[in-house]
Structure formats: structure tokens, C-alpha cells
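Notes to accompany the following structure.
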Protein chains: 2
Amino acid sequence: MANTAAQKDIVKKSEISGFILERTAKRMKQHFQQSLAAAAAGITIDQWVVLQELDKQNGLSQLEIAKATFKDAPTITRIIDLLCQKELTQRVIDDQDRRRFKIQLTPKGYKRIAELMPVIKDARQKAWGGLPDKDIDHLVKTLNIVFNNLSSEDTK
Amino acid sequence: MANTAAQKDIVKKSEISGFILERTAKRMKQHFQQSLAAAAAGITIDQWVVLQELDKQNGLSQLEIAKATFKDAPTITRIIDLLCQKELTQRVIDDQDRRRFKIQLTPKGYKRIAELMPVIKDARQKAWGGLPDKDIDHLVKTLNIVFNNLSSEDTK
DNA sequence: CAAAAATAGTTGTTATACTAATTATTTCAA
DNA sequence: TTGAAATAATTAGTATAACAACTATTTTTG
């Protein structure tokens with residue numbers, strides 16, 4: 001197939017849009033990180049994401065957390081290490097399958113989540129609050145198309 | 001101000017959209033990383049971004065590269081270290097200001113860029129090719145609004 | 001001009017991400 | 001049912017990212 005003008009246009013446009021996507025995601029992460037730091041949260045945004053997942057479903061295995069958060073197994077091992085050091089979670093061996101842990105929130109973990117939830121909600125409000133619903137919906141739809149374009153082969 | 005239904009809706013929607021944004025940006029990065037690895041490129045996507053910036057403007061200082069790529073100074077120091085080790089760039093002291101380096105592409109650097117450009121273009125095509133122009137434009141516009149929402153206070 | 005402030009770059013520490021290799025356990029299959 | 005394959009988690013190595021502290025210059029300013 002020849003390299004048509006339309007194709008060249010897409011290639012050029014996609015250089016910019018890839019840059020904008022990366023840039024915005026990075027800034028978003030910084031924004032939440034700074035909000036947590038300003039609140040003396042004692043955890044990172046990635047640790048928050050794991051805590052929040054456990055808040056939805058306590059006792060997940062590490063691989064289940066990995067899948068839910070789109071992080072990989074070694075990363076989850078280390079995040080859980082840190083959360084256990086801080087006594088926000090604990091590892092409980094799964095009697096059904098002794099290769100696994102059930103990761104459980106401690107009372108201190110639940111307390112920390114409750115304390116930080118307003119911080120996170122404020123940060124979300126600041127990031128997205130000024131956008132019309134339909135723009136957010138459109139964004140999510142488009143991002144998901146891109147995500148799925150890449151999922152087919154990259155999930156090997 | 002009371003916590004209206006509309007505000008709650010935004011907060012809930014933004015939990016999802018933040019997740020989708022992060023997830024898509026991460027997958028996008030993996031996609032380019034894997035494309036480079038498959039081509040035995042010998043560089044990472046972050047190193048590519050720096051090379052590409054130098055291809056546009058050779059001889060930039062490290063801080064200029066940092067600004068252009070939205071990376072920070074220590075990160076650029078380390079990326080340039082690696083690119084110089086691979087002999088794709090070289091540091092030349094700026095005679096006008098001896099605190100600075102001019103970072104210059106070597107002939108090997110130009111060659112590598114030329115070799116990898118088709119790989120990158122293919123990867124871009126795969127990521128964005130299926131999307132109508134107007135969706136991409138809309139995405140970029142929305143992402144930029146979010147980016148600017150966060151830039152005001154986070155760029156201290 | 002000399003001291004202070006600003007700037008460019010480096011280094012160190014901690015955290016996350018990816019890959020590969022390793023251990024322990026469980027499941028599958030001949 | 002035992003040996004092979006698969007699975008859950010860990011560990012190690014390299015790269016990126018944020019932050020802080022530091023050195024070497026340059027600019028400001030008093």
C-alpha cells in the first residue's frame with residue numbers, strides 16, 4: 001500500500017497526541033503525588049491505588065491486585081512490602097493455596113483510607129471538575145479505543 | 001458550597017477517567033518500548049524522545065532538552081550519560097557559558113534515528129491509525145484542558 | 001568590584017516498571 | 001501417581017522519575 005497523504009497526516013498527528021497523552025498522564029500523577037505529600041499522607045499515589053483496590057475487595061491475592069491496578073507482580077510485591085512496613089496491610093497465607101497471600105487491610109489501613117479520601121477527591125475535582133461530562137465521556141471512549149488497539153498484540 | 005449531586009458525579013467519573021488515562025498512557029509506552037525492543041533498537045523510548053528532540057534542534061543544553069521533553073534535570077543527565085556511552089550523542093562545553101553543555105548528535109546518532117524512524121512510525125500508526133482525525137483532535141483538546149487545570153498551581 | 005543570588009549540571013535516595021531467573025506450591029498428564 | 005508444566009510470589013538488574021543536596025559557574029546588586 002502506498003504511503004498516502006492521509007497516512008502521513010496520521011503519523012504526524014500521532015506524534016503530537018502521543019506526546020500530549022504522556023505529558024498529561026505524567027502531570028496528573030504529579031498532581032496526586034503532590035496532593036498526598038501536602039497532606040503528609042505517608043504514602044505514594046501508587047500505594048494509594050492499591051489501598052483503594054483493597055478497600056473495594058479486601059483479601060485479594062497479589063496477582064489479583066496486579067491485574068486490577070495494571071501493575072506487574074514484582075511491583076506489587078514491593079508496594080505490599082511497603083504497605084506492610086507501614087502496618088496498613090498484612091499478608092495472610094491462603095489456606096486453599098499456600099502459594100498465595102490474602103492481602104488484608106489493617107484497622108490502621110482503613111483509618112488511613114478514610115483520612116485520605118477527601119484529599120484524593122479534592123485532587124480529582126481540581127483535575128476534572130471544569131470539564132463537561134460529555135467531554136470526559138468522549139475522552140474515556142477515545143482512550144479506550146487506543147488502549148484496545150494496543151491490547152491485542154501487547155497482551156502476549 | 002454544598003456537595004451537590006453533580007459534584008459527586010464528577011468525583012465518581014473522575015476516578016474512572018484518571019484510571020483510564022493512566023492505563024492508556026502506560027500501555028502506549030509499553031507499545032513503543034516493545035516495538036523498539038523487537039527491532040533490537042538498543043535504546044529505550046525515553047532515550048528515543050531525547051534523540052528525536054535533538055534531531056529537531058541539535059546542540060540543545062540539557063535543561064532545554066528537559067523542558068522540551070517534560071523530564072527533569074537529573075533524568076536528562078542520566079539519559080544523556082547513556083546516549084553518550086552508546087556514542088549516539090556527545091557533550092560539548094558551551095564556550096558562552098561554561099556551566100552548560102551543548103548536546104550534539106553524532107553521525108552514529110543520526111544513523112540510529114534514521115534506522116528507527118520507520119519503527120516508530122509503524123508503532124504510531126498502530127496506536128492511532130484507526131481513529132478519525134476529529135476524535136484525535138478532540139482528545140488532544142480535552143487532555144490539554146486537564147493539563148492546564150493542573151499546571152497553574154503545580155508549576156510552582 | 002566583591003558578596004549574594006541564580007543557573008546548569010551532577011549525585012544520592014527512594015519508588016515504580018520491565019525483564020529474567022528463582023523458589024515453592026499446585027495442577028496436569030502419561 | 002509420579003514427573004512435567006503451570007502458577008504465585010520473590011529477587012536481581014537496569015531504567016525512569018521525583019526530590020534534595022551539592023559543585024561550578026555566571027549574573028545581580030549594593
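Just so we're clear, the structure is a prediction, and the values are computed from it rather than from any experiment. To find a chain, count down the sequence lines: A is the first, B the second, and so on, and within it residues start at 1.
Dense packing is recorded around NZ of Lys26(A), with more than 12 heavy atoms of other residues, nucleotides or ligands lying under 6.0 Å away.
Each of Thr44(B) and Ala73(A) was matched to the nucleotide of DNA chain D holding its nearest heavy atom; the match closer to the 5' end belongs to Ala73(A). Where Leu82(A) and Glu64(B) meet DNA chain C, the nucleotide closest to each residue was compared, and Glu64(B) sits on the side nearer the 5' end.
Between Asp81(A) atom CG and dT16(C) atom P the separation is 11 Å, expressed in whole Å. Rounding to whole angstrom units, CD of residue Glu22(A) and P of dT16(D) are separated by 12 Å. In this structure, Lys86(B) atom NZ and dT14(D) atom P are separated by 12 Å, rounded to whole Å. The interatomic distance linking Lys102(B) (NZ) with dG9(C) (P) rounds to 12 Å, in whole Å. Distance Asp94(B) CG to dG9(C) P: 9 Å, rounded to the nearest Å. We find that CG of Asp95(B) is positioned 15 Å from C1' of dT26(D), with the value rounded to whole Å. Summarising the geometry, the separation between CD1 on Ile93(B) and P on dT26(D) is reported as 10 Å, rounded to the nearest angstrom. As a whole-Å value, the separation of Met28(A) CE from dA18(D) C1' is 18 Å.
The Leu63(A) side chain lies nearest to dA8(D) when the options are dA18(D), dA8(D), dA20(C). Each of dT16(D), dT26(D), dT11(C) was ranked by its minimum atom distance to the side chain of Asp46(B); first place goes to dT16(D). Across dT16(C), dA8(D), dT19(C), the shortest atom-to-atom separation from the side chain of Gln34(B) is found for dT19(C). The side chain of Pro74(A) approaches dA20(C) more closely than any other nucleotide in the set dT10(C), dA20(C), dT26(D).
In terms of phosphate contacts, Arg100(A) brings a side-chain nitrogen or oxygen within less than 4.0 Å of OP1 or OP2 of dA8(D). A close approach under 4.0 Å does occur between a side-chain nitrogen or oxygen of Lys26(B) and OP1 or OP2 of dA17(C). The phosphate of dA17(D) (OP1 or OP2) has a side-chain N or O of Lys71(B) nearer than 4.0 angstrom. Taking side-chain N and O atoms only, Gln30(B) has no distance below 4.0 Å to OP1 or OP2 of dA17(C). Using a 4.0 Å cut-off, no side-chain N or O of Lys29(A) falls inside it from OP1 or OP2 of dA17(D). Between Gln62(B) and dT10(C) there is a side-chain N or O to OP1 or OP2 distance below 4.0 Å. At dT26(D), one or more side-chain N or O atoms of Arg98(B) fall inside 4.0 Å of OP1 or OP2 (strictly under the cut-off).
Taking all atoms of both residues into account, the shortest heavy-atom contact from Gly42(B) to Lys86(B) is O-NZ, 3.0 Å.
Backbone-only contact: Gln47(A) has heavy atoms under 4.0 Å from sugar-phosphate atoms and none from a base. Thr75(B) comes within contact range of at least one nucleobase, with a heavy-atom separation under 4.0 Å. Residue-level contact check: Thr77(B) touches the bases, meaning some heavy atom is under 4.0 Å from a base atom. Residue Asp72(B) is in base contact, counting any heavy-atom pair closer than 4.0 Å across all strands shown. As judged by a 4.0 angstrom heavy-atom cut-off over every strand, Ile79(B) is placed among residues touching the sugar-phosphate backbone only.
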- Task: Kindly indicate, with the supporting measurements, whether the criterion side chain to side chain donor-acceptor pair (under 3.5 Å) is fulfilled by Arg27(A) and Asn149(B).
- Result: CA-CA 10 Å; Arg27(A) 177 77 54 144; Asn149(B) 278 353; over 6 Å; no
- Message: Go through it in stages, so that I can follow the logic: the residues are Glu64(B) and Gln57(B), the test is side chain to side chain contact (heavy atoms under 4.5 Å, CB included), and I'd like the CA-CA distance, side-chain angles, deciding distance and then a yes or no.
- Response: CA-CA 10 Å; Glu64(B) 285 168 338; Gln57(B) 286 184 270; over 6 Å; no
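Between Lys102(A) and Asp95(A), none of the side-chain N atoms (NZ, or NE/NH1/NH2) sits under 4.0 Å from a carboxylate O, so this pair counts as no salt bridge. The pair Asp55(A)-Arg112(A) does not count as a salt bridge, with every side-chain nitrogen at least 4.0 angstrom from each carboxylate oxygen.
Residue Arg91(B) places no side-chain atom within donor-acceptor reach of the base of dA8(C), judged by atom type and a 3.5 Å distance cut-off alone.
Rounded to the nearest 0.5 angstrom, Gln52(B) CD and Ile120(B) CD1 are separated by 7.5 Å.
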